[in-house]
2 protein chains.
Amino acid sequence: MGNCSICAIRSKAVDALSPTEVEYLQGNCAEVDMKPGESIIKEGSLSSHIAYLKTGLATIHKKGVKGTDQILKILQPGCYIGMQTVLSNKIHQYSASAIEDSTICYIDITSFKDLISRNAQFANELILYLCRDELSYFARFVNVHQKQVDGRLADTILFFSDEVKKSRSFQIPLSRNDIAALICATRESVTRSIKDLSDIGSIRVKGKSFEILNYDLLKIISEKG
Amino acid sequence: MGNCSICAIRSKAVDALSPTEVEYLQGNCAEVDMKPGESIIKEGSLSSHIAYLKTGLATIHKKGVKGTDQILKILQPGCYIGMQTVLSNKIHQYSASAIEDSTICYIDITSFKDLISRNAQFANELILYLCRDELSYFARFVNVHQKQVDGRLADTILFFSDEVKKSRSFQIPLSRNDIAALICATRESVTRSIKDLSDIGSIRVKGKSFEILNYDLLKIISEKG
DNA sequence: TTTAAAATGTGATTTATGTATCATTGCTAA
DNA sequence: TTAGCAATGATACATAAATCACATTTTAAA
């Protein structure tokens with residue numbers, strides 16, 4: 001069981017809670033360690049808890065008409081998982097899985113709802129969170145449709161470098177198939193695109209290890225599509 | 001100036017306000033009539049108000065790397081416009097335009113924020129609204145990438161029939177270009193796809209007038225992609 | 001270590017859709 | 001009405017990316 005009051009990466013929403021409320025939250029949440037590949041929440045299952053990614057890295061993914069999953073987002077510490085579903089629906093509308101060693105806090109949904117109606121500032125922070133989150137999907141939606149595979153792959157590599165790993169040399173903890181599901185392409189196209197970007201000298205890739213050799217060039221490809 | 005307290009299509013969130021709060025809201029909002037094509041909010045502009053679609057029909061759209069706009073959503077009465085931007089950002093991240101005669105209520109953003117921090121139930125309803133909204137984008141995101149143009153067009157026709165016009169025979173107040181921007185295709189593909197769906201006898205189309213001849217067939221195309 | 005299974009790379013081929021071009025229709029306004 | 005312009009339809013062509021099929025590498029297991 002974690003201690004929410006001293007949690008270093010607790011959300012802004014939790015910051016808005018009173019000590020008593022934090023204690024209440026803490027009493028109704030459970031911390032779980034997860035290995036890559038483990039399922040955090042599952043599309044189609046009944047939702048009794050919402051999850052909070054405390055440490056690690058995860059994806060949310062959703063089944064499409066073709067039967068395969070599309071990765072909607074890479075989640076970093078500080079993300080709520082399943083909040084949209086829990087509040088407006090009884091069944092999870094998407095899945096989430098760890099892709100690195102992660103710690104998840106499962107929060108009882110009734111308690112969570114309780115806090116929302118009791119503390120307007122808590123609710124307010126959640127609204128901000130949801131707004132930001134939705135705007136990021138808008139940008140992603142438009143980008144994915146106006147860029148071709150090379151541009152989308154460049155986006156992803158830059159995202160991992162700039163936002164996640166904060167380094168020019170890093171591991172992307174996704175299979176080629178996963179990357180394809182993320183950038184809306186096929187495994188083969190991802191392979192070819194990695195080759196393209198390597199051939200022009202913008203990146204060096206070995207398995208899951210990526211290194212950015214020419215950041216500006218990669219940026220250009222990302223921006224022109 | 002509208003009268004929020006007797007507004008027939010006011011949001012659930014406003015339902016949660018006290019009479020005094022409704023009066024406060026009313027004092028800080030302005031009702032505007034709009035013609036098709038008129039801009040409700042504009043991407044890149046400073047946001048001082050959020051909008052509420054009282055009557056009519058509108059789109060939200062966002063500029064992509066290619067320079068052209070992608071339509072993110074068709075808005076029906078009861079939708080908030082620019083809420084995501086206003087709460088987390090100073091600049092509108094997307095545009096909205098009327099596509100039929102519409103009535104828009106512009107709400108002063110400071111007042112709106114005020115109400116959120118004063119009334120937890122109001123905030124709670126907004127959270128529900130945002131959650132539902134985001135989930136709809138998840139579904140749309142996955143669909144658009146796993147269906148081809150015929151399936152996406154079928155989706156759109158079914159959407160207008162089932163959700164908007166509640167009839168098998170109706171007008172879609174969008175140009176071919178607009179439809180293309182909505183289903184992530186080109187004008188030419190839309191034309192071809194309309195011809196496809198007509199040829200198999202699922203629809204009859206004349207200009208902007210659509211009639212569904214074989215609902216089940218259209219549904220199959222929508223579902224199989 | 002050896003073997004099996006999964007993931008990845010590669011090339012050939014197909015296909016859906018974009019691009020380009022031009023004809024036609026319909027609408028707006030004088 | 002007629003001119004002018006935007007929207008639409010239609011067709012030929014180009015291409016990005018999917019699909020298919022198979023080789024190779026990596027990983028996991030025995």
Side-chain angles (χ1 to χ4, degrees), chain A residues 35-38 64-71 99 142-156 171-200 203-210 221-222 224-225, chain B residues 35-37 64-71 99 142-157 171-200 203-210 221-222 224-225:
Chain A
K35 291 272 159 209
E38 287 193 78
V65 286
K66 283 190 182 173
T68 61
D69 272 31
Q70 211 72 39
I71 294 180
I99 56 173
V142 173
N143 268 335
V144 167
H145 281 283
Q146 295 211 349
K147 291 181 183 179
Q148 40 198 66
V149 174
D150 283 3
R152 284 180 255 154
L153 179 65
D155 280 350
T156 299
Q171 301 260 121
I172 295 184
L174 296 171
S175 71
R176 296 293 186 262
N177 254 319
D178 291 339
I179 296 177
L182 175 63
I183 69 174
C184 303
T186 57
R187 177 183 65 77
E188 292 91 334
S189 292
V190 170
T191 299
R192 269 185 277 262
S193 187
I194 288 176
K195 197 172 178 313
D196 287 348
L197 296 184
S198 300
D199 285 349
I200 60 169
I203 55 172
R204 174 158 50 207
V205 182
K206 177 91 175 57
K208 291 183 167 54
S209 299
F210 288 72
I221 290 164
S222 152
K224 83 165 173 49
Chain B
K35 291 273 160 207
V65 285
K66 283 190 182 172
T68 60
D69 273 29
Q70 212 71 40
I71 295 180
I99 56 173
V142 173
N143 269 334
V144 167
H145 281 283
Q146 296 212 348
K147 291 181 182 180
Q148 38 197 69
V149 174
D150 283 3
R152 285 180 255 154
L153 180 64
D155 280 350
T156 300
I157 295 169
Q171 300 261 120
I172 295 184
L174 297 170
S175 71
R176 296 293 187 261
N177 254 318
D178 292 338
I179 295 177
L182 175 63
I183 69 174
C184 304
T186 56
R187 179 181 67 76
E188 290 87 340
S189 293
V190 170
T191 300
R192 266 189 288 253
S193 188
I194 287 175
K195 198 172 177 312
D196 287 348
L197 297 184
S198 300
D199 285 349
I200 59 167
I203 55 171
R204 174 157 51 208
V205 182
K206 178 92 174 57
K208 291 184 168 52
S209 299
F210 288 71
I221 290 164
S222 152
K224 85 164 170 54

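What you see is a predicted model; the values in this text were computed from it and never measured. Each chain gets a letter, A, B and so on, in the order its sequence line appears, and its residues count up from 1.
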**Item:** side chain to side chain donor-acceptor pair (under 3.5 Å) evaluation trace for B/Asp196 with B/Ser193
**Value:** CA-CA 5 Å; B/Asp196 287 348; B/Ser193 188; 5.0 Å; no
Spacing between [X] atom [atom1] and [N] atom [atom2], to the nearest angstrom:
{"X": "A/His145", "N": "C/dA16", "atom1": "NE2", "atom2": "P", "result": "18 Å"}
{"X": "B/Ile194", "N": "C/dT25", "atom1": "CD1", "atom2": "P", "result": "17 Å"}
{"X": "A/Leu197", "N": "C/dG9", "atom1": "CG", "atom2": "P", "result": "13 Å"}
{"X": "B/Glu188", "N": "C/dT21", "atom1": "CD", "atom2": "C1'", "result": "10 Å"}
{"X": "B/Lys195", "N": "C/dT17", "atom1": "NZ", "atom2": "P", "result": "16 Å"}

**Prompt:** Which two nucleotides bound the region of DNA chain D that has atoms under 4.0 Å from heavy atoms of chain A, read 5' to 3'?
**Reply:**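 On DNA chain D, the outermost contacted nucleotides are D/dA16 to D/dT26.
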Donor-acceptor under 3.5 Å ([X] side chain, [Y] main chain):
{"X": "A/Thr68", "Y": "A/Gly64", "result": "no"}
{"X": "B/Gln146", "Y": "A/Lys66", "result": "yes"}
{"X": "B/Arg152", "Y": "B/Lys147", "result": "yes"}
{"X": "A/Arg176", "Y": "A/Gly207", "result": "yes"}
{"X": "B/Ser209", "Y": "B/Val205", "result": "no"}

**Proximal nucleotide (of C/dG9, C/dA12, C/dT17) relative to the B/Ser189 side chain** =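 Shortest atom-to-atom distance from the side chain points to C/dT17.
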**Item:** Closest-nucleotide ordering on DNA chain D, the 5'-leading residue of B/Arg176 and B/Arg192
**Value:**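 So the residue in question is B/Arg176.
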**Fill in**
Ranking A/Arg152 and B/Gly207 by the position along DNA chain D of their nearest nucleotide, the one closer to 5' is B/Gly207
**Asked** Is the distance from OP1 or OP2 of C/dT8 to the nearest side-chain N or O of A/Thr191 less than 4.0 Å?
**Response** no
**Request:** Please state whether the phosphate of C/dG26, meaning OP1 or OP2, lies under 4.0 angstrom from any side-chain nitrogen or oxygen of B/Lys206.
**Result:**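 Looking at the OP1 and OP2 atoms of C/dG26, one of them is under 4.0 Å from a side-chain N or O of B/Lys206.
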**Asked** Less than 4.5 Å apart, any side-chain heavy atom of B/Ile183 and any of B/Asp155?
**Response**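 They are not in contact (no side-chain heavy atoms under 4.5 Å apart), so the answer is no.
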**Request:** Mind checking B/Lys147 for me? I need base, sugar-phosphate or nothing, with any heavy atom below 4.0 Å counting as a touch.
**Result:**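 Answer is nothing: B/Lys147 stays at 4.0 Å or more from every strand.
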**Item:** Donor-acceptor pair (no angle test) under 3.5 Å: A/Arg187 side chain, C/dG9 base
**Value:**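 Present.
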